[in-house]
Student: 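Please see the structure below; I have some questions.
FYI, the numbering just counts along the sequence from 1.
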Amino acid sequence: MGRRTLYGTVIVTYRCNARCNMCNVYQYPTNPKEEIPLEVIRKLPEMAFTNITGGEPFLRQDIEEIVEILSQRTNRIVISTNGYYTDKIIALCEKYPKVGIRISIEGLQETNDAIRRIPDGFARGYGTLKKLVEMGHPDVGFGMTVQDLNADDLVPLYKISDEMGMEFATATLHNSFYFHKDDNRIDDRYHVAENFAKLNNELLASKSPKKWFRAYFNHGLINYIYGNKRLLPCDMSRNAFFIDPFCDVVPCNGTCHKEIMGNLRDMSWDELWHSEQAKRVRAEIRHCGRNCWMIGSASPAMHRYIWVPAWWVIRHKFLKGGRYDLSENRFITGPDKQE
Ligand code: SF4
């Protein structure tokens with residue numbers, strides 16, 4: 001087995017039982033009979049990391065078989081879920097104890113349920129997380145997409161996750177073909193940025209190097225919210241890809257239109273990855289100016305250009321005494337001076 005370097009995201013379904021305000025995927029559900037089948041998942045290449053996502057991945061009846069196939073060709077799997085289907089999630093984690101689970105929770109109960117619009121969503125998601133922690137599942141955490149409505153819950157939610165010994169993954173609003181959205185926006189950027197800054201101070205004060213690097217990722221989110229150039233180059237379509245329920249391989253989930261590199265039903269992985277079509281998409285994406293900052297594209301970049309976040313961590317953790325201050329970002333001039 002050669003060195004695994006690719007980052008893959010497998011969107012197993014566009015069906016979803018939630019109705020999140022920042023994502024319209026639920027309005028365009030896939031037909032279960034037409035969703036990426038196991039024989040196509042078997043064609044995927046060796047990967048360093050695979051994210052299984054949706055829609056809601058646990059709506060797939062064959063999610064265990066999907067995990068079984070992928071666990072043979074990837075070093076690490078993380079499933080993003082809303083945590084509603086507790087029994088299915090627990091059963092899968094009992095069978096695959098190394099699989100990571102990230103449950104999207106958008107704030108404390110009231111805020112979460114207002115954003116995700118899933119009956120009893122917070123109680124179900126939080127209950128699943130608690131059970132996973134109680135059974136000693138090693139890789140479990142929250143995922144939160146920060147927006148105006150929930151920015152105040154960011155640090156309180158982090159503290160809950162920290163007390164439970166869990167990971168805490170952050171994101172912010174994006175627009176793209178994937179979300180079927182073009183009107184997601186943050187109105188009070190400074191307020192949201194301030195909350196990310198508070199979180200960064202908590203993370204930098206911790207003893208966990210992983211959390212220090214998460215602070216850098218959050219710094220990138222603030223930079224994105226202010227409409228700046230990405231902190232790191234984007235190498236999607238070269239060292240990372242997404243595959244959707246229709247078996248279309250696309251560079252990422254951030255473009256406004258779907259840019260298809262090829263359909264994996266029709267050919268082998270090698271044929272697709274080295275095809276003229278894939279090369280054309282790569283050439284276009286090289287000039288992509290969308291500057292997204294989502295974990296799917298930022299994480300491979302942080303690994304590839306590791307010295308950039310590493311130097312940022314050294315500066316903030318050791319030279320600045322663990323302090324992160326918004327005013328160090330020259331583009332942030334305070335709440336009154338936003339465009
Ligand atoms: S910046 Fe990267 S992740 Fe975002 S749309 Fe462009 S290529 Fe995709």
Student: Using the side chain to side chain contact (heavy atoms under 4.5 Å, CB included) rule, take C93 and M135 through it: C-alpha gap first, then chi angles, then the decisive distance, then the call.
Tutor: CA-CA 10 Å; C93 289; M135 68 190 247; 3.9 Å; yes
Student: Do the rings of F246 and Y14 sit parallel, tilted or perpendicular, given the 30° and 60° boundaries?
Tutor: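 Because their plane-to-plane angle lies in the 30° to 60° range, the rings of F246 and Y14 count as tilted.
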Student: Does either side chain, that of D182 or that of N175, offer a donor lying less than 3.5 Å from an acceptor on the other one?
Tutor: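 No pair is found: no donor N or O on one side chain lies under 3.5 Å from an acceptor on the other.
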Student: Give me the ring orientation class for Y7 and F49: parallel if the planes are under 30° apart, tilted from 30 to 60°, perpendicular past 60°.
Tutor: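 Tilted.
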Student: Of all heavy-atom pairs between C292 and G254, which one has the smallest distance, and what is that distance?
Tutor: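 What the structure gives for the nearest pair is SG-CA, 4.0 Å.
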Student: Within the distance-only criterion (no hydrogens, no angle test), does the side chain of D244 pair as donor or acceptor with the backbone N or O of D248 below 3.5 angstrom?
Tutor: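 Side chain of D244 to backbone of D248, a donor-acceptor pair under 3.5 Å: yes, one is there.
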Student: Between N17 and N82, is there a side-chain donor-acceptor contact under 3.5 Å, judged purely by atom types and distance?
Tutor: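 A pair is found: one side chain offers a donor N or O, the other an acceptor, under 3.5 Å apart.
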Student: Has N112 got a side-chain atom pairing as donor or acceptor with E106's backbone, closer than 3.5 angstrom?
Tutor: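 Checking the backbone N and O of E106 against the side chain of N112, a donor-acceptor pair under 3.5 Å is found.
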Student: For H316 and Y216, test the side chains for any donor-to-acceptor distance below 3.5 angstrom and give the result as yes or no.
Tutor: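 No donor-acceptor contact under 3.5 Å links the two side chains.
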Student: Does this structure show an ion pair linking R15 with E35, if we count only N-O contacts that are shorter than 4.0 Å?
Tutor: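 A salt bridge is present here (some side-chain N lies under 4.0 Å from a carboxylate O).
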Student: With the threshold set at 4.0 Å, does a side-chain nitrogen-carboxylate oxygen contact exist between E39 and R265?
Tutor: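 Answer for the salt bridge query: no.
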Student: What are the two closest heavy atoms between W293 and H174, and how far apart are they?
Tutor: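 Taking every non-hydrogen atom into account, N-NE2, 3.1 Å.
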Student: Determine whether F196 and L204 fall in the same hydrophobic cluster, where Ile, Leu, Val, Met, Phe, Trp and Tyr are linked whenever their side-chain heavy atoms lie under 4.5 Å apart.
Tutor: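 Yes: a chain of side-chain contacts under 4.5 Å links F196 to L204.
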Student: Without swapping roles, check the side chain of N201 against the backbone of K198 for a donor-acceptor pair under 3.5 Å.
Tutor: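 No; zero donor-acceptor contacts below 3.5 Å.
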Student: Honestly curious: do M294 and I222 fall in one hydrophobic cluster under the side-chain, below-4.5 Å linking rule?
Tutor: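 Different clusters.
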Student: In terms of side-chain geometry, is the basic nitrogen of E46 or R73 positioned less than 4.0 Å from the acidic oxygen of its partner?
Tutor: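 Not counted as a salt bridge, because no side-chain N and carboxylate O are separated by less than 4.0 Å.
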Student: Mind checking the NE2-CG spacing from H303 to D235? Nearest 0.5 Å is all I need.
Tutor: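 If we round to the nearest 0.5 Å, H303:NE2 and D235:CG are 13.5 Å apart.
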Student: Looking at D183 and R185, does any basic side-chain N land under 4.0 Å from a carboxylate oxygen?
Tutor: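 No.
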Student: When you compare the side chains of N291 and R230, does any donor N or O come within less than 3.5 Å of an acceptor on the partner?
Tutor: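 No, because no side-chain N or O of N291 sits under 3.5 Å from a partner of the opposite role on R230.
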Student: With a 3.5 Å distance limit and no angle check, can you tell me whether N31 reaches the backbone of K33 through a side-chain donor-acceptor pair?
Tutor: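 Yes; at least one donor-acceptor contact below 3.5 Å.
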Student: Scan side-chain atoms only and decide if E68 and Y96 contain a donor-acceptor pair under the 3.5 Å cut-off.
Tutor: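 Note: E68 and Y96 side chains meet the donor-acceptor criterion.
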Student: Please check if I11 and W269 belong to a single hydrophobic cluster, counting links between Ile, Leu, Val, Met, Phe, Trp and Tyr side chain heavy atoms closer than 4.5 Å.
Tutor: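 As far as the 4.5 Å side-chain criterion goes, W269 and I11 are not connected within one cluster.
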Student: Answer yes or no on whether R282 is positioned over the face of W273, meaning its NZ or CZ is under 6.0 Å from the six-membered ring centre and within 45° of the axis.
Tutor: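 Judged by the rule (NZ or CZ under 6.0 Å from the ring centre, within 45° of its axis), R282 counts as positioned above W273.
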Student: Got a donor-acceptor contact below 3.5 angstrom from the D113 side chain to the F122 backbone?
Tutor: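 Yes: the side chain of D113 pairs with the backbone of F122.
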Student: Whether K279 and E276 form a salt bridge (side-chain N of Lys/Arg under 4.0 Å from carboxylate O of Asp/Glu) is what I want to check.
Tutor: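 A salt bridge is present here (some side-chain N lies under 4.0 Å from a carboxylate O).
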Student: Using a 6.0 Å cut-off, check whether atom CD of E110 has over 12 heavy atoms from anything other than its own residue.
Tutor: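 Counting neighbours around CD of E110, 12 or fewer heavy atoms of other residues, nucleotides or ligands fall under 6.0 Å, so no.
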Student: If you round to the nearest 0.5 Å, how far is SG of C23 from NZ of K181?
Tutor: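 K181 atom NZ to C23 atom SG measures 8.5 Å (nearest 0.5 Å).
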Student: With distance as the sole criterion, is a donor-acceptor pair present between the side chains of E56 and T13 under 3.5 Å?
Tutor: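 Judged by distance alone, the side chains do not pair up.
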Student: Y126 and K131: side-chain donor and acceptor closer than 3.5 Å?
Tutor: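 There is no such pair between these side chains.
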Student: Any side-chain donor paired with an acceptor under 3.5 Å for D325 and S327?
Tutor: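 Indeed, the side chains of D325 and S327 share at least one donor-acceptor pair under 3.5 Å.
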Student: Under 4.5 Å between side-chain heavy atoms, hopping through other hydrophobics if needed: is there a path connecting L157 to V133?
Tutor: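 Yes, same cluster.
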Student: In a check of side-chain contact (heavy atoms from CB on, under 4.5 Å) between I66 and each of V12, L92, I77, I79, which one passes?
Tutor: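 Going through the options one by one, the only one that passes is V12.
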Student: As a quick check of understanding, evaluate salt bridge (charged side-chain N to carboxylate O under 4.0 Å, His left out) for K88 and E64, giving each step before the final call.
Tutor: CA-CA 9 Å; K88 273 183 110 174; E64 281 201 17; over 6 Å; no
Student: Would you kindly say whether N51 and S80 are connected by a side-chain donor-acceptor distance under 3.5 Å?
Tutor: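 Result is yes, a qualifying pair exists.
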Student: Going by an N to O cut-off under 4.0 Å, is there a salt bridge joining D139 and R102?
Tutor: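 Answer for the salt bridge query: yes.
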Student: Can you give me the closest heavy-atom contact between P251 and V281, atom names plus distance?
Tutor: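 For P251 versus V281, the nearest heavy atoms are CG-CG1, 3.6 Å.
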Student: If you draw a 6.0 Å radius around CZ in R315, do more than 12 non-hydrogen atoms from other residues or ligands fall strictly inside?
Tutor: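 Above 12, so yes.
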Student: Look at the aromatic rings of Y324 and H219 and report parallel, tilted or perpendicular, splitting at 30° and 60°.
Tutor: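 Rings of Y324 and H219: perpendicular, as their planes differ by over 60°.
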Student: Testing the basics here: between V155 and L199, what is the closest heavy-atom pair and its distance to 0.1 Å?
Tutor: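 Distance-wise, the nearest heavy atoms are CG2-N, 3.7 Å.
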Student: In terms of side-chain geometry, is the basic nitrogen of E202 or K211 positioned less than 4.0 Å from the acidic oxygen of its partner?
Tutor: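 Between K211 and E202 there is no salt bridge, as every charged N stays at least 4.0 Å from the carboxylate O atoms.
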Student: For the side chain of S206 and the backbone of L203, is there at least one donor-acceptor N/O pair under 3.5 Å apart?
Tutor: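 Judged by distance alone, yes, a pair lies under 3.5 Å.
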Student: Do W312 and F217 have their ring centres less than 6.0 Å from each other?
Tutor: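 They do not qualify: ring centres at least 6.0 Å apart.
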Student: To the nearest 0.5 Å, tell me how far K229 NZ sits from L231 CG.
Tutor: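 If we round to the nearest 0.5 Å, K229:NZ and L231:CG are 9.5 Å apart.
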Student: Is any NZ, NE, NH1 or NH2 atom of the basic residue among R60 and E65 found under 4.0 Å from an Asp or Glu carboxylate oxygen of the other?
Tutor: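 Salt bridge absent between R60 and E65.
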Student: Testing the 3.5 Å rule here: is there a donor-acceptor pair between the side chains of N218 and T170?
Tutor: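 Checked: N218/T170 side chains pair up, N/O donor to acceptor below 3.5 Å.
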Student: Is the closest side-chain donor-acceptor distance between Q147 and N21 under 3.5 Å?
Tutor: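 Short answer, yes.
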Student: Please determine whether residues Y84 and M22 belong to a single hydrophobic cluster, defined as Ile, Leu, Val, Met, Phe, Trp and Tyr linked transitively by side-chain heavy-atom distances below 4.5 Å.
Tutor: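 Yes, same cluster.
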Student: Can you see whether N150 engages T111 through a side-chain donor-acceptor pair at a distance of less than 3.5 angstrom?
Tutor: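 No, no side-chain donor-acceptor pair sits under 3.5 Å.
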